[in-house]
Amino acid sequence: MFQKLKPPKEGEKIEFVAGKLMVPDNPIIPFFKGDGIGLDVVPAAIKVLERAAELIGKSITWFEIYAGEEAYKLYGNHLPEDTLNAIREFRVALKGPLTTPVGGGYRSLNVTIRQVLDLYANVRPIYYLRGVPSPVKEPEKVNFVIFRENTEDVYAGIEWQRGGKETLKLIEILEKEFGTKIRRDSGIGIKIISEFATKRLVRLAIKFAIENKRRSITLVHKGNIMKFTEGAFRDWGYEVAKQEFGEFCITEDELISKFEGKNPEGKIVVKDRLADNMFQQIILRSEEYDVIALPNLNGDYLSDAAAALVGGLGIAPGSDIGDGIAVFEPIHGSAPKYAGQNKVNPSAQILSGALMFEWLGWKKASEMIKKAVEMTIQQKTVTYDLHRQIGGKIVGTMEFAEEVIKNLETL
């Protein structure tokens with residue numbers, strides 16, 4: 001199966017049987033450091049995750065795989081089949097940040113991993129850790145989970161460069177067949193939003209809301225302008241709620257007309273908001289939002305903006321989820337100028353690991369990690385980025401992880 005990798009002999013594989021994840025007490029978990037500061041934050045996170053697993057009677061056998069510059073040195077390829085096969089085989093991976101060239105160069109490895117492995121939901125919980133500086137007055141009101149569709153929209157990568165033979169041919173076809181006027185010096189990209197991809201994303205979001213006793217789901221779109229893509233996303237989302245989860249869901253209109261605006265016990269309110277309006281909504285009325293489902297590009301924008309409400313990308317975890325397969329990664333980028341300096345904040349990588357534990361069913365360990373990170377920040381033993389805002393004792397990347405472990409052991 002593998003060209004240059006040797007899977008560990010210890011540990012057991014996670015299995016996906018009859019739609020359910022079967023997680024042993026000693027799973028094999030692939031990981032890769034990626035680029036830039038991944039070389040610093042991933043080892044720090046692994047140290048915390050190992051100790052948290054031990055504290056609940058579990059163990060992890062790590063399996064190092066490669067992507068980004070390290071992979072290119074080893075394989076001559078930034079994303080080798082070995083890496084993709086390892087994630088397929090073992091069902092999960094802890095991922096460091098990867099560099100994506102702007103304008104030219106190779107295609108985004110992040111997008112490629114999501115599409116090739118059909119990790120169709122980018123799931124990002126946005127919540128506040130006490131002690132973290134925030135630009136809003138009441139960051140504790142921010143507590144929602146973003147479900148961003150991961151495989152379509154303009155991220156499908158179907159585009160043509162300005163002046164190319166195919167570009168000019170497409171412009172000609174659009175003009176002749178559909179009467180569309182396009183300037184000949186245009187680059188062209190196609191936006192794709194399908195019923196299938198939309199419904200499976202919204203279905204996953206509703207299941208999450210039911211399992212975690214969340215109060216509402218908001219479908220975010222720009223359907224007033226892009227009626228047959230983002231408008232369809234909205235319509236298909238409502239269809240899933242009504243047709244598949246009618247026992248659990250009511251619409252916002254029904255909430256007002258039938259229940260006088262008071263959410264009945266055990267019901268999830270399904271509503272929708274225009275994407276541009278939603279940016280102010282998460283700032284001014286953040287407590288009204290709980291689970292948010294939206295197309296790919298809007299999801300990228302909104303999740304980064306939302307992370308700013310609770311302190312920024314340095315503490316924001318993320319995940320890419322498919323059916324019985326998932327990759328866990330911080331939202332932040334690779335920041336190559338800080339690589340190898342043992343300087344940057346590993347919180348986002350650590351909390352991405354906590355999110356992985358939650359997906360594995362190790363919820364106690366996940367909550368312990370979140371609490372320990374919060375305690376460490378409240379004690380003001382922090383890396384340079386937080387130190388310049390709150391003061392206290394400045395520590396390096398690995399030293400911060402060690403402080404988190406000390407707090408873990410007190411819980």
Worksheet item: Can you tell which of Thr410, Leu411, Val404 makes a side chain to side chain contact (heavy atoms under 4.5 Å, CB included) with Lys371?
Response: Leu411
Item to complete: State whether the number of non-hydrogen atoms from other residues, nucleotides or ligands found under 6.0 Å of Lys364 atom NZ is greater than 12.
Response: no
Worksheet item: Is the cationic atom of Lys271 (NZ for Lys, CZ for Arg) positioned less than 6.0 Å from the six-membered ring centroid of Tyr289 and within 45 degrees of its normal?
Response: yes
Practice prompt. Mind running ring-ring contact (aromatic ring centres under 6.0 Å, His included) on Tyr120 and Phe147 for me, showing each step along the way?
Written response: CA-CA 10 Å; Tyr120 58 84; Phe147 281 74; 9.7 Å; no
Worksheet item: Is there side-chain contact between Asn150 and Tyr155, with at least one heavy-atom pair below 4.5 Å?
Response: no
Discussion item. Any salt bridge linking Glu15 with Arg91? Criterion: basic side-chain nitrogen under 4.0 Å from a carboxylate oxygen.
Written reply: no
Discussion item. Rounded to the nearest 0.5 Å, what separates atom CG in Leu313 from atom CG in Asp385?
Written reply: 11.5 Å
Worksheet item: Just checking, any donor-acceptor pair under 3.5 angstrom between side chains of Asp118 and Gln115?
Response: no
Worksheet item: Hey, what's the ring geometry for Tyr66 with Tyr75, parallel, tilted or perpendicular (30° and 60° as the breaks)?
Response: tilted
Fill in: Close side-chain approach of Ile217 to Ile268, heavy-atom, < 4.5 Å
yes
Worksheet item: Does CD belonging to Gln280 count more than 12 external heavy atoms closer than 6.0 Å?
Response: yes
Worksheet item: Nearest 0.5 Å, what's the CG-CG distance between Asp153 and Asp300?
Response: 10.0 Å
Worksheet item: Would a distance-only check, ignoring hydrogens and angles, find a side-chain to backbone donor-acceptor pair under 3.5 Å from Asn122 to Ser319?
Response: yes
Practice prompt. Answer yes or no: is there a side-chain heavy-atom contact under 4.5 Å between Leu79 and Ile113?
Written response: yes
Worksheet item: Has Arg215 got more than 12 heavy atoms of other residues, nucleotides or ligands less than 6.0 Å from its CZ?
Response: yes
Practice prompt. Step by step, work out the side-chain hydrogen bond (donor to acceptor under 3.5 Å, both in side chains) result for Asn407 and Thr376.
Written response: CA-CA 7 Å; Asn407 283 319; Thr376 308; 2.8 Å; yes
Fill in: Student check: side-chain heavy atoms of Phe31 and Ile65 closer than 4.5 Å
no
Worksheet entry | Flag side-chain contact, heavy atom, 4.5 Å: Glu329 against Pro317 | no
Practice prompt. Using a 4.5 Å cut-off on heavy atoms from C-beta on, say whether the side chain of His221 contacts that of Arg273.
Written response: no
Practice prompt. Could you tell me whether Glu64 and Lys6 have a side-chain N and a carboxylate O separated by less than 4.0 Å?
Written response: no
Discussion item. For a quick check under 3.5 Å, do Thr99 and Ser334 share a side-chain donor-acceptor pair by atom type?
Written reply: yes
Discussion item. Between Tyr128 (side chain only) and Val132 (backbone N and O only), is there a donor and an acceptor less than 3.5 Å apart?
Written reply: yes
Fill in: Ion pair Lys4/Asp82, N-O distance below 4.0 Å
no
Discussion item. Between Asp40 and Lys343 (salt bridge meaning N to carboxylate O under 4.0 Å), is one present in this structure?
Written reply: no
Worksheet item: Got more than 12 heavy atoms from elsewhere within 6.0 Å of OH, Tyr301?
Response: no
Worksheet entry | Partner of Glu244 by salt bridge (charged side-chain N to carboxylate O under 4.0 Å, His left out), out of Arg203, Lys199, Lys207, Arg200 | Arg203
Worksheet item: Are any side-chain N or O atoms of Gln389 and backbone N or O atoms of Leu386, one a donor and one an acceptor, separated by less than 3.5 Å?
Response: no
Item to complete: Go through Lys73 and Glu70 one step at a time and tell me if the salt bridge (charged side-chain N to carboxylate O under 4.0 Å, His left out) criterion holds.
Response: CA-CA 5 Å; Lys73 291 173 187 174; Glu70 281 192 322; over 6 Å; no
Worksheet item: Counting distance only, does the side-chain N/O of His387 pair as donor-acceptor with the main-chain N or O of Gly392 below 3.5 Å?
Response: yes
Worksheet item: Are the side chain of Asn298 and the backbone of Leu294 linked by a donor-acceptor contact shorter than 3.5 Å?
Response: no
Item to complete: Among residues two or more places apart or on two chains, list those pairs meeting salt bridge (charged side-chain N to carboxylate O under 4.0 Å, His left out) that have a residue in residues 119-130.
Response: Arg124-Asp304, Arg130-Glu374
Worksheet item: Take atom OH in Tyr72; do more than 12 heavy atoms of anything else shown fall under 6.0 Å from it?
Response: no
Practice prompt. Can you measure from CD (Glu230) to CD1 (Ile193) and round to the nearest 0.5 angstrom?
Written response: 4.5 Å
Fill in: Met22, CE: over 12 other non-hydrogen atoms inside 6.0 angstrom
no
Practice prompt. First locate atom OG of Ser257, then atom CD of Glu260, and finally report the distance between them rounded to the nearest 0.5 Å.
Written response: 10.5 Å
Item to complete: Applying side-chain contact (heavy atoms from CB on, under 4.5 Å), run through Ser186 and Arg162 and close with a yes or a no.
Response: CA-CA 5 Å; Ser186 299; Arg162 169 202 165 181; over 6 Å; no
Worksheet item: Going from OG1 on Thr83 to NZ on Lys95, what distance comes out if it is rounded to the nearest 0.5 angstrom?
Response: 12.0 Å
Worksheet item: Given side chains that start at C-beta, do those of Ile190 and Glu159 come closer than 4.5 Å, heavy atoms only?
Response: no
Worksheet item: Hey, mind stepping through Leu49 and Ile369 against side-chain contact (heavy atoms from CB on, under 4.5 Å) and telling me if it holds?
Response: CA-CA 8 Å; Leu49 296 174; Ile369 291 169; 3.6 Å; yes
Practice prompt. Look only at the side chain of Thr167 and the backbone of Gly163, and say whether a donor-acceptor pair between them is shorter than 3.5 Å.
Written response: no
Practice prompt. Might you work through the side-chain contact (heavy atoms from CB on, under 4.5 Å) test for Asn143 and Arg214, ending with a clear yes or no?
Written response: CA-CA 10 Å; Asn143 185 9; Arg214 294 280 182 158; 3.7 Å; yes
Practice prompt. Starting from the C-alpha separation in whole Å, work towards a yes-or-no answer on side-chain contact (heavy atoms from CB on, under 4.5 Å) for Ile14 and Leu360.
Written response: CA-CA 9 Å; Ile14 296 166; Leu360 294 175; 3.6 Å; yes
Discussion item. Return the OG to CD distance between Ser194 and Glu149, rounded to the nearest 0.5 Å.
Written reply: 7.0 Å
Worksheet entry | Asp35 side chain to Glu69 backbone, donor-acceptor under 3.5 Å | yes
Item to complete: May I ask you to say whether Glu409 pairs ionically with Lys406, meaning some side-chain N is under 4.0 Å from a carboxylate O?
Response: no
Worksheet item: Using the benzene-type ring in the case of Trp, are the ring centres of Phe90 and Phe63 under 6.0 Å apart?
Response: yes
Discussion item. Is the shortest side-chain heavy-atom distance between Ile250 and Asn263 below 4.5 Å?
Written reply: yes
